[in-house]
Structure formats: C-alpha cells, structure tokens
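Below is one structure, written out as structure tokens; comments come after it.
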Amino acid sequence: MGKPTGFMEYQRLSEAYEPVDKRLKTYKEFVVRLTDEQASVQGARCMDCGIPFCNNGCPVNNIIPDWNDLVYRGHWREAIEVLHSTNNFPEFTGRICPAPCEAACTLNINTDAVGIKSIEHAIIDKAWEEGWVVPQPAEVKTGKKVAVVGSGPAGLAAAQQLARAGHDVTVFEKNDRIGGLLRYGIPDFKMEKSLIDRRVEQLQAEGVVFRTGVLVGAQNVPAGIVNDAKQVVSAEQLKQDFDAVVLAGGSEIPRDLPVPGRELGGVHYALEFLIPQNKQVAGDKPNPISAKGKHVVVIGGGDTGSDCVGTSNRHGAASVTQFELMPMPPEQENKALTWPYWPTKLRTSSSHEEGCERDFAVATKEFIGKNGKVKALKACRLEFKDGKMSEVPGSEFEIKADLVLFAMGFTQPVGGVLEAFGVDKDARGNAKASTDGAGSYTTNVPKVFAAGDMRRGQSLVVWAIREGRQCARAVDEFLMGESLLPR
Amino acid sequence: MMRKCHLNTCPVGVATQDPVLRARFSGQPEHVVNYFFFVAEEVRELMAQLGVRTFDELIGRADLLDMKKGIAHWKAQGLDYSRIFYLPNVPAEVPRLHRETQDHGLDKALDRQLVVLAKPALEKGEKVNIDLPVRNINRTVGAMLSGEVAKRYGHAGLPNDTIHIRLNGTAGQSFGAFLARGVTLELVGEGNDYVGKGLSGGRIIVRPKAEFRGDTPQNIIVGNTVLYGATEGEVYFAGVAGERFAVRNSGATAVVEGVGDHGCEYMTGGTVVVLGETGRNFAAGMSGGVAYVLDEDGTFEQRCNMAQVALEPLPEEIAARKGSESGDELESHGRVDIDHLTMGDELILKGLIERHVRFASSVRAREILNNWGLWRKKFVKVFPHEYRRALTEMAQQREAEKEAA
C-alpha cells in the first residue's frame, strides 16, 4: 500500500551489483541489498492500487501490497510474518526469482514497477539477522509418516508444511547434499549455499529427517545426470514404510543436440559443468571440467545458459559465446499488449554483463574435433517466416570451441522413479496429476503424490514452492480428512 | 488495476485532475471503437454458436442461458431460480419482447390543467393564483409546468411567486420536482416521498390543514428523500420529514420541524434549518452548505456523523449589531438569498424562521421567535470542514482583490 503519492515522488531503485572485475574473482553473491531506509522508500512506491495484479502474478500469491506497506511503515517483523505466510523460502525467491509479480505490478503499465523482489530480499535477510526466523515445530503430532522424494524447492516446501502440520517427514535425496537445483544448479554467485544449510537446520528442528545419497525407485539413472547415491530404496519399501509419498524429484533429463561430433570430448550438458563447480566451491574436489583459457560456447539462451556464462568467466575463459535458436526478442516489450503477463523481451543477466557474445537465431550443425576433442563448432543462421523456421542458405560459419555446454532446457523427469512407482505420465513424460479440485496432486497410485517440476515440467523455483505447499495440503487432507494448511 | 479514483492518483491519467498524471493518459477514441468491435464480434460468434440471428430472437430465451456455474456456486446454495428463469408455455406467435407502447396516462396529469390555468403567467408574465384539490395519484405535480416555464424563460424563470398554486389534499410522489423559479406550490395537507426532488428555484410550502390539532414537530408531513439533488429554491415544511432529508442538496434552502435518519447526507451546498429532532447519522458525507439544528436536549452530537463536519454554537450577532432587525435583509426580490460568506449565522437562521412563520404559519417557529434569546442558544451550526476551507480561501481571495483594487 505504502504512500498514495509515493510512486510520483520516488524513483525505482534497483539493487546494486558489485563491479565486474571484483565479482569475477569470487563465487560470492554480489547483489547489494537495499538498506532499511531504501526499502522503506521503495515500499512507499506501492500505490495500494486496489486490484493488485502482483498478488496473482506471483505463483505463491505473495500478499505483496501488505508487506510493501509494512516495510514503508517500518514494521519489519509483521512484514516477514505476512511474507512467510505464503512463501516458505523468501531468501531463495528474493535472490533468483525472475519476479513475474513485477511484470504484473499496476505501476508497470506505464512506468517502472515497484521493486517487489528487492523488498522481499530486504525483509527476509533482515529477519534472519534479527533472529526472527525460528523453527515452528508442530504442537501436536499426528503419528503419520510421509516420505518426500527430492529435496529441491518443491520437496523442501512440502516437507516443511507437512512437518508443521504434525506429520513425521523424511526427505530422500540421491545426491550428497540437500537442495536439488538450488544446491547444484544455481551457482553460488547467484545464491550462496549457506542459505540452504540454515533452512535445512530449521526443517530438522521442526522434525524433518533428511536422508542423502539415497536413490528411490530404480538404479537406471541415465548418463549425464549427476548421481551420488550409495543406497537404493525401492518404491515398494517406501509405500510400505510411509502413509504417503510425495514425488518431487524435478525434471532432470536435459535436452540433447544429436548432431555430428556430439560424442567429442569437451561437449557437455550444463549441469555436468555446474554441479561439480558448486561442489568445488563447497570444498569438495576440483571441477573436472575447466573453462580456463578455453573458447566456450554455450548453447541455449536461458537462465542455465547464463549460469554457464558466469561460471566460465570465473574460470577465466578465453572467450564466451552464447547461441540462442530463437531470434533476438525486442529490448522493450509493448506493455499495452503484455501487461500483466510475463513479457518476451531481451533479458540481460548479470552474467552477460560480465562478458559474453550473444548470437540469436543460430542453429548448431556440427562439432568439429581433433584427437577426440572438440575444437570448433559449425553453425548456421535461421530465419523465421510465418512461424516457420528455416536455414538461411549459405549462412554457415565456424567458431572456435574448446568447451561446449548444452543449456537448452530439461525435457522430463528421470523416468525410473515414476516407473518404479507405476505412476502414469502425461504426454511430456511428467507425472500425471491435476492441481485443482478434489484429488489434486494425487497420482494414479494410491497415497502417492507428485509436485514441482516432476509434475509440471521444468519451471521456476517459485512454482516449485507453490506446488510443494499445495501438495502438502492435499497430503494432509488425505491423511487427516481435513487440513488447516493454506491452499 | 486501480481502484483509487477518489485519491487523485490515477496512474494512467483517467480519474485524476493532476496534470502530470493526466499527461500519462494514452487512450485514443479509436481504442474504444476497437473495443466495441471486439465485443460485437464476440457476441456475434456466441449468437452464431446458438443458431440465433438477431437480438429479438434472444429475448426471453432463458433456456439458452448457461447458468450452471452460477447456480452451483456455494453462495447460491438454497436458492430456487426456477421462477426467475421460467419459460411460459405459449405459442410462437405470442411476442416475447416489447411490441406495444405503454400508456402512462400523461394526458390526465394534473399539470395539464396547471399549464392551461397558468397561461397568462406563461405568456404575459401576469400573476396567477390557482386553487385545486390534489390526490396521491398526482405525481410530480409542477414538473411539466416548470418545463413550460423553462421553455420560455430558461433557468432564470419568472419573477418570484408569479404562479401561486394552492393545493388541498395529499400529493403523490415527487411533489414539486424540478420546480422552476417563479412557481410557488403551497400544499395544505401532506406530501409523499421525493418532495422537491431536483428543486430548481421554485418555492414549496407544505402545511397541515386548518383542522389539524396535533403538534407539528411530532408529526410527519413529507416523506423520504425530500429535496434529493435540489439545486436552488426554498421549502418550508410545518412538520417532520422522513429519512435522507436534503440528500445531495447543492443549493436549496429548507426549513423543517424534524428529520429522520441520514439528514443532509452528501449535501454539498445550501442551507437547512431543523426546528425539531433529528435521526441518527446526520451529515454523513456532507461536504458543503450549512445546517442549523435545534438541539433541545444536547444529544445531537451523538446522532451526527462527525467524520466531515464540526458542530459550533450559534454566535450572538444581532444583539451586538443593536437594533438592526433581520428578516427583510434576507430577502432580495422576495426570494431567499443566502450567502454563507458574507452573512452572519444568526441573521440567516432568524430570517429563515421568520419566513417559516410567514409562509407555513408555523406555530413552532413563532414560539421560537417569541423567546429568541433563549432558543438561539439551543441551535447548533453543522459546518463541513471542506466548506469552511473553501469559504476561508474565497474570503482571502476577496480580500486580496480588494487590496489590489
């Protein structure tokens, strides 16, 4: 709500970044959070518009006008309570959410949106500093046992909600640390991993048990997918030991590019590069893939691609080039057409700012190698006419490439676990379950639920949190006949 | 989007007077045209799906309504819609839509007589006196006559009291609606709801019959929503009015001997004198004009909505001015002429009560005047904050102009 005339008096102030040369030397976060005073002024820009589209633009339906107002008035403690009432992990979303809320902000119709994400960031970081984020163990235990498979944002949100409802929750994670893509996808410079550790401590204090290095269902994890499991638990065992199972294993199968030369050394999926990097930053053995002094080509123009660019630059790559299949989107969206939806426009991430050539409407045709190692990449230009993509004749070109990283999205969950449970899949290979009405988040298998990317396909962290929360309510209703958890 | 039309902060420049925000308005007339084309197109598509060619074919076709979602909604539980959506079993040739003109009986309206009788006034400006009975079937008495006045003389109307109509009995709804300047309606009996609706300069008097033996401040004489949206003119009611008295009044003057709940609601201008009790929520949303309320037992403040107004005692002015009698000062050309900027409160109030005696033969008003010194202290001035601010600014402006001159 803030100040009725605030949007006319104050300019939007975005969070500052540390200078490129400084941040390239470390894997630490470089976003400078707003001061309390700055956040308060930014909160004053919220117009109390009356029909806050941000509230629905946000997948977890954050009650944004309320906490904007509370921050404006300096009521930080109440602000974190309102924020936590809809979002279990605002410190994650306050850092890495693309903020669809801001696209939907009423102020964004013809001027700069309220800096909602920066205010969220300020609220939750202050709350941790002040010691306001404490475990909320359930007062009454139900005696029901729930297994959550996968410890990404969906699994963690579901686990926290279910534990607070009084259930005994065990989270299974095939890798050695908790967090899923939060831990081993997003680089530390975007989100430091101590944030996950302290949340895990909070969940443990609320009664959640974590079992890492345990693969659920089947052994057949395809090549290219990082798997630290030393132990396998069968689907039957899980169904026998628990009253309900939540499948929140994400959508891990990366999209491949089967062109000649694919088998050459130096051609990798993005996560084969990013996961060992995060492990290295955490103190494990060094990343076997190094970009130092190499010509790096990242294929795919999304967030994972950006993370590859940022990490390559920190390695000290000789050059970083990023290819995108689609043509370059406009720098400014036509707000009259796009508001309040998420617009297609050119998004320049902090990693791009650190140094990167970007090329659009490019298709890779071949990897050229020497002694089994990739040396160059052959590509061509594309043109799009009437929604159809075609190669521009004679546009083939070659580019030096010592390291090629595929960041073209993820197609579907690792099938083994769904098959082990006998869960029906939708046409895209995701677990089949609806999200509204009776029976939401339930699969065809009794007492087995699905949420997050494993159900909806690759998506945002904030969507995963939403699904985890909603799924927890569905599980609670299933176990208890009713639920007081929020919808 | 925005729901702040009352704050002057509309960010797209639609509902604001702020020039900076208005500059942000990006609308074009063509957008509206486009919008309606889309609406029409969508309607056409829906109709095509239903197999309907014209709107006439759609009228009354409750069977085509998709009402499942609405009726299944939990808020509609327990409601039976079958009668609302009932389809009478009639042959196709029976029309389902408006086919014949209704007869409103306008040719029998009392005003037809009044217009004929007032002809000398309308045509030559001669003074006319009319005396007729009235019944509650006679609605909006005086409105058509006022139309005739306005056709010939515009809003300026005729000299005060040129057409004097005395009516005996109970008037129907909207007695004296839009009454024009120069017309006086004197009703001996009682009014109904909406007396003086949209009053536009005329004068309305309602007083009881001679044989009435009751106490006027204890008896209703006009109904609810009297003076709704009145802009000019004066009314004198020797009795009590119903609820929402003078709602949205913007300039008329009224004397009444009591009002129901929500008196002077949303009033923006004019003067109201209440010589008796008021209901609760007096002055809700009142932003202009002044009400003088007789507060005999000191409990008025409890019934007044204090959100936008202040209550003040009535200052003693006339005695201070020594001997300068009021009354006539209030009149110019026989019409009441009140200016809250330049005239004293006591002067206005006493003058209006004197007029109430003169026009409505009010026993109550005479009683008050007979012991003015004592009664004066019991009056409370209801003064909206915004109106006070406007008057102060106007006074300063006037002062500045005087100095400049």
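Labels below follow one simple rule: chain letters A, B, ... track the order of the sequence lines, proteins then strands, and each chain is numbered from 1. Predicted model only: the values in this text are computed from it and were never measured.
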Practice problem: Mind listing the closest non-hydrogen atom pair of A:Ala244 and A:Leu479 along with its distance? | Solution: CB-CD2, 4.2 Å
Determine which donor-acceptor pairs between chain B and chain A fall under 3.5 Å and list them with their distances.
{"unit_1": "B:Met1", "atom_1": "N", "unit_2": "A:Ile51", "atom_2": "O", "d": "3.1"}
{"unit_1": "B:Met1", "atom_1": "O", "unit_2": "A:Ile51", "atom_2": "N", "d": "3.0"}
{"unit_1": "B:Arg3", "atom_1": "N", "unit_2": "A:Cys49", "atom_2": "O", "d": "2.6"}
{"unit_1": "B:Arg3", "atom_1": "NH2", "unit_2": "A:Gly50", "atom_2": "O", "d": "3.2"}
{"unit_1": "B:Lys4", "atom_1": "NZ", "unit_2": "A:Asp48", "atom_2": "O", "d": "3.1"}
{"unit_1": "B:Pro11", "atom_1": "O", "unit_2": "A:Asn110", "atom_2": "ND2", "d": "2.9"}

Quiz item: Which heavy atom in B:Gly288 sits nearest to a heavy atom in B:Pro384, and how many Å separate them?
Solution: N-CG, 3.7 Å
Self-check item: Evaluation steps, side-chain contact (heavy atoms from CB on, under 4.5 Å), between A:Phe7 and A:Val114
Solution: CA-CA 8 Å; A:Phe7 73 101; A:Val114 175; over 6 Å; no
Exercise. Just do the side-chain contact (heavy atoms from CB on, under 4.5 Å) check on A:Phe53 and A:Ile109 with the steps written out, would you?
Key: CA-CA 11 Å; A:Phe53 277 63; A:Ile109 293 175; over 6 Å; no
Quiz item: Got a second to check how far B:Asn281's CG is from B:Arg303's CZ, nearest 0.5 Å?
Solution: 12.0 Å
Quiz prompt | Sidechain N-carboxylate O distance under 4.0 Å for B:Glu401, B:Arg398 | solution = no
